[in-house]
Amino acid sequence: MTRRQLFGTGAGVGAGLLLAACGSSPSGAPASATPVPSGSGSVAAGPVRGGVLRVGALGKASSITRDPHGVQVNESDYLILALVHDALTVPGASPNVAPRLASAWEPSDDLKRWRFTIAEGATFHDGTPVTAEDVVWSLRRLRATPAGATRLPGIEAGGIRADGRDAVTLTSAYPNSEVPLLLRLTTFVLKEDTKDVAEAPGTGPFRLESFRNGSARLVRNDSWHGGEVPLDAIEVRMFESPQAMANAMLTGQIDLASNVGAVAARTAEGRDGVQVIRRPDDMAMPIVMRTADGPFADERVRLALRLAVDREAMVRQVLSGYGAVANDVLGTGDPAYAKDIPQRARDLAQAERLLGQAGLDLSQTYELFTTEDIPGLAESATLFATQVREAGLNVKVVKQDPSVFWEKTWLKAPLYTTYWGTNDSVVFFAGKTLGSDAAQNEAGWKDPAFDAAYRKAVGTVDTAERAPFLREMQRIEHERSGYLLWGMADGLDLASPKVHDLPTLPGYGRVQLERAWLAT
């Protein structure tokens with residue numbers, strides 16, 4: 001499982017989540033924001049039905065997967081799956097969870113048991129109605145995957161049960177107000193006992209017509225429970241580099257280049273006939289320092305690295321200015337993000353002192369592992385290595401193929417880069433990566449005080465009562481976790497002027513293309 005499969009507000013998840021299903025549209029469609037245009041174009045009066053949207057997305061032939069519950073390294077794979085298969089919930093604007101295949105949800109008084117109602121009229125692409133048994137089977141299959149405990153933390157397979165024909169209940173081992181948030185974008189539903197998952201009919205706004213070498217043609221599902229879909233079809237084309245994808249966009253071969261990166265966006269700025277879509281707080285690219293053992297287990301060493309990095313330079317050079325300085329706390333898009341925690345600044349003298357006090361062997365060269373999964377990730381590692389050398393620490397950047405990195409390095413190496421395509425919830429990261437028992441505890445970090453604050457936060461509905469627990473979590477993370485989060489990257493897409501109503505939510509909310517349309 002990768003960050004591409006994990007999407008995840010602090011303060012807004014309380015009472016707001018409990019009422020989310022009452023006030024959202026059936027499709028959970030995100031609000032559309034105005035893009036930043038590089039060139040002007042005529043704007044149609046409203047959605048126009050018809051047309052084929054040609055979308056470019058990153059991926060590698062060696063990493064293609066067709067399994068909705070598998071490891072989706074390729075963004076192209078995830079985009080295809082997310083359009084063909086409905087998840088129970090999806091990212092929203094306010095609150096940050098919206099209905100999709102689940103039209104409503106309700107918790108028990110103790111926040112341990114949640115009942116999700118299947119959307120009225122939900123059917124598979126072959127016309128078969130979606131039943132509770134289908135949902136239960138799919139969630140249990142998802143739970144049985146290697147990363148299943150992370151996708152559904154605190155919910156065992158036995159705690160997933162049908163409640164009549166059109167509802168399921170999920171039972172958590174502890175009070176958890178975040179259960180609807182946990183179900184966003186990864187809980188794809190298949191028919192019970194599906195054998196060939198690659199060819200299985202979905203329930204989403206588009207159905208798969210053809211698939212070849214990572215690229216696909218998807219046609220409109222006129223029976224979709226979420227309402228009318230304007231586009232006739234979406235053609236997804238896989239590109240192995242953002243440069244090739246951007247060139248295809250600029251030469252008219254595709255209409256939308258998804259997550260194209262800062263370099264391509266900067267090149268496109270000022271060109272006629274190109275929209276540059278910016279989604280703030282879109283991508284976190286932290287450096288992970290293993291705390292359980294090894295050279296970075298000493299808090300003083302971790303603080304030294306945080307003080308050695310020049311955050312402004314990282315944002316300026318790695319992100320070409322398309323981003324913002326961060327403060328070593330994940331979840332910067334959360335309304336409960338603690339802006340009163342002092343911003344950590346570069347202090348090379350203090351960094352040198354801390355390394356000396358910790359007795360770190362500065363004659364050694366320490367490896368920083370990275371991959372080129374997303375634009376800017378490997379570049380961030382290279383610039384970081386240059387910066388910390390000024391504090392006396394020698395770091396060698398080791399680039400790995402994605403398949404090698406995620407299998408052999410991730411969760412294991414003393415020092416490596418990672419990335420998360422969601423950033424609107426502090427507690428999301430707490431449950432997924434920071435808790436002592438988190439299945440994807442990337443830094444091997446265990447902090448009883450942090451765990452206690454997290455449990456109190458997710459077990460509390462009232463916004464005011466939650467606030468001190470959320471701030472305490474962030475204070476502890478800022479002081480001593482294994483993450484060095486130097487900045488937040490904007491999400492950057494390039495689009496033709498004829499493309500309208502593209503999703504603008506950060507993270508993987510951008511795969512919700514069912515409301516996009518083309519002007520004639």
Side-chain angles (χ1 to χ4, degrees), residues 1-8 57-82 142-153 185-186 188 197-198 214 238-242 258-259 261 283-292 294 296 330 367-382 384 396-423 428-429 431-434 438-445 482-485 489 507-508 511:
M1 184 176 186
T2 74
R3 273 122 309 284
R4 291 196 172 108
Q5 295 173 294
L6 293 176
F7 308 85
L58 296 175
K60 292 186 180 298
S62 60
S63 302
I64 292 172
T65 182
R66 304 285 304 281
D67 188 344
H69 301 148
V71 177
Q72 294 140 18
V73 174
N74 289 340
E75 185 171 335
S76 52
D77 291 336
Y78 188 79
L79 174 59
I80 294 166
L81 291 169
L142 177 67
R143 185 64 179 76
T145 63
T150 298
R151 304 188 199 188
L152 300 171
L185 285 182
T186 64
F188 299 126
V197 296
M238 186 182 74
F239 290 86
E240 296 212 354
S241 76
S258 178
N259 195 28
M283 182 72 71
M285 292 189 285
I287 291 169
V288 179
M289 304 171 286
R290 184 165 176 80
T291 68
F296 307 105
L330 294 159
E367 293 182 322
L368 169 58
F369 294 91
T370 189
T371 183
E372 295 181 316
D373 259 10
I374 60 169
L377 189 64
E379 291 81 358
S380 72
T382 300
F384 172 79
K396 174 186 176 182
V397 175
V398 179
K399 295 182 184 180
Q400 293 181 323
D401 182 85
S403 60
V404 175
F405 181 88
W406 298 117
E407 180 179 349
K408 297 184 177 180
T409 300
W410 183 49
L411 303 180
K412 304 177 184 71
L415 191 67
Y416 63 95
T417 61
T418 188
Y419 64 93
W420 288 91
T422 184
N423 218 48
F428 173 89
F429 288 106
K432 298 290 186 183
T433 74
L434 289 162
Q440 289 184 331
N441 190 326
E442 293 183 310
W445 188 53
Y483 285 104
L484 191 166
L485 181 58
Y508 283 81
V511 301

Side-chain contact test, heavy atoms from C-beta onward, threshold under 4.5 Å: evaluate it for [X] versus [Y] and give yes or no.
| X | Y | answer |
| --- | --- | --- |
| Asn441 | Leu434 | no |
| Thr433 | Tyr483 | yes |
| Phe384 | Leu484 | yes |
| Thr417 | Leu368 | yes |

Look only at the side chain of [X] and the backbone of [Y], and say whether a donor-acceptor pair between them is shorter than 3.5 Å.
| X | Y | value |
| --- | --- | --- |
| Tyr416 | Phe405 | no |
| Arg66 | Ala198 | yes |
| Glu367 | Val398 | no |
| Ser258 | Ala57 | no |

Pro242: side-chain contact (heavy atoms from CB on, under 4.5 Å) partners, not counting sequence neighbours = Leu58, Pro375
Set of side-chain contact (heavy atoms from CB on, under 4.5 Å) partners for Thr65, sequence neighbours left out =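 Scan of Thr65 (side-chain contact (heavy atoms from CB on, under 4.5 Å), adjacent residues dropped) gives Asp67, Gln72, Asp77.
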Measure the spacing between CG of Asn74 and NZ of Lys60 and express it to the nearest 0.5 Å.
->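 Nearest 0.5 Å value for the CG-NZ distance: 8.5 Å.
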Set of residues satisfying side-chain hydrogen bond (donor to acceptor under 3.5 Å, both in side chains) with respect to Glu379, sequence neighbours excluded |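 With neighbours one apart ignored, the set is empty.
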Excluding sequence neighbours, so at least two apart, what forms side-chain hydrogen bond (donor to acceptor under 3.5 Å, both in side chains) with Ser63?
-> none
Where [X] and [Y] come nearest, the two heavy atoms and their spacing:
| X | Y | result |
| --- | --- | --- |
| His69 | Thr145 | O-CG2, 3.5 Å |
| Gly431 | Ala438 | O-CB, 3.7 Å |
| Gln440 | Trp420 | OE1-CH2, 3.7 Å |
| Arg143 | Leu152 | NE-O, 3.9 Å |
| Thr409 | Gln400 | OG1-OE1, 2.5 Å |
| Gly214 | Met238 | O-CB, 3.7 Å |

Please lay out, stage by stage, how Val288 and Leu415 fare under the test side-chain contact (heavy atoms from CB on, under 4.5 Å).
-> CA-CA 6 Å; Val288 179; Leu415 191 67; over 6 Å; no
What residues, two or more places apart in sequence or in another chain, satisfy ring-ring contact (aromatic ring centres under 6.0 Å, His included) together with Phe188?
-> Tyr78
Scan residues 399-411 for pairs that pass salt bridge (charged side-chain N to carboxylate O under 4.0 Å, His left out), counting only residues two or more places apart or in two chains.
-> Glu372-Lys399
Establish, from distance only, whether the side-chain atoms of Glu442 and Thr418 form a donor-acceptor pair under 3.5 Å.
-> yes
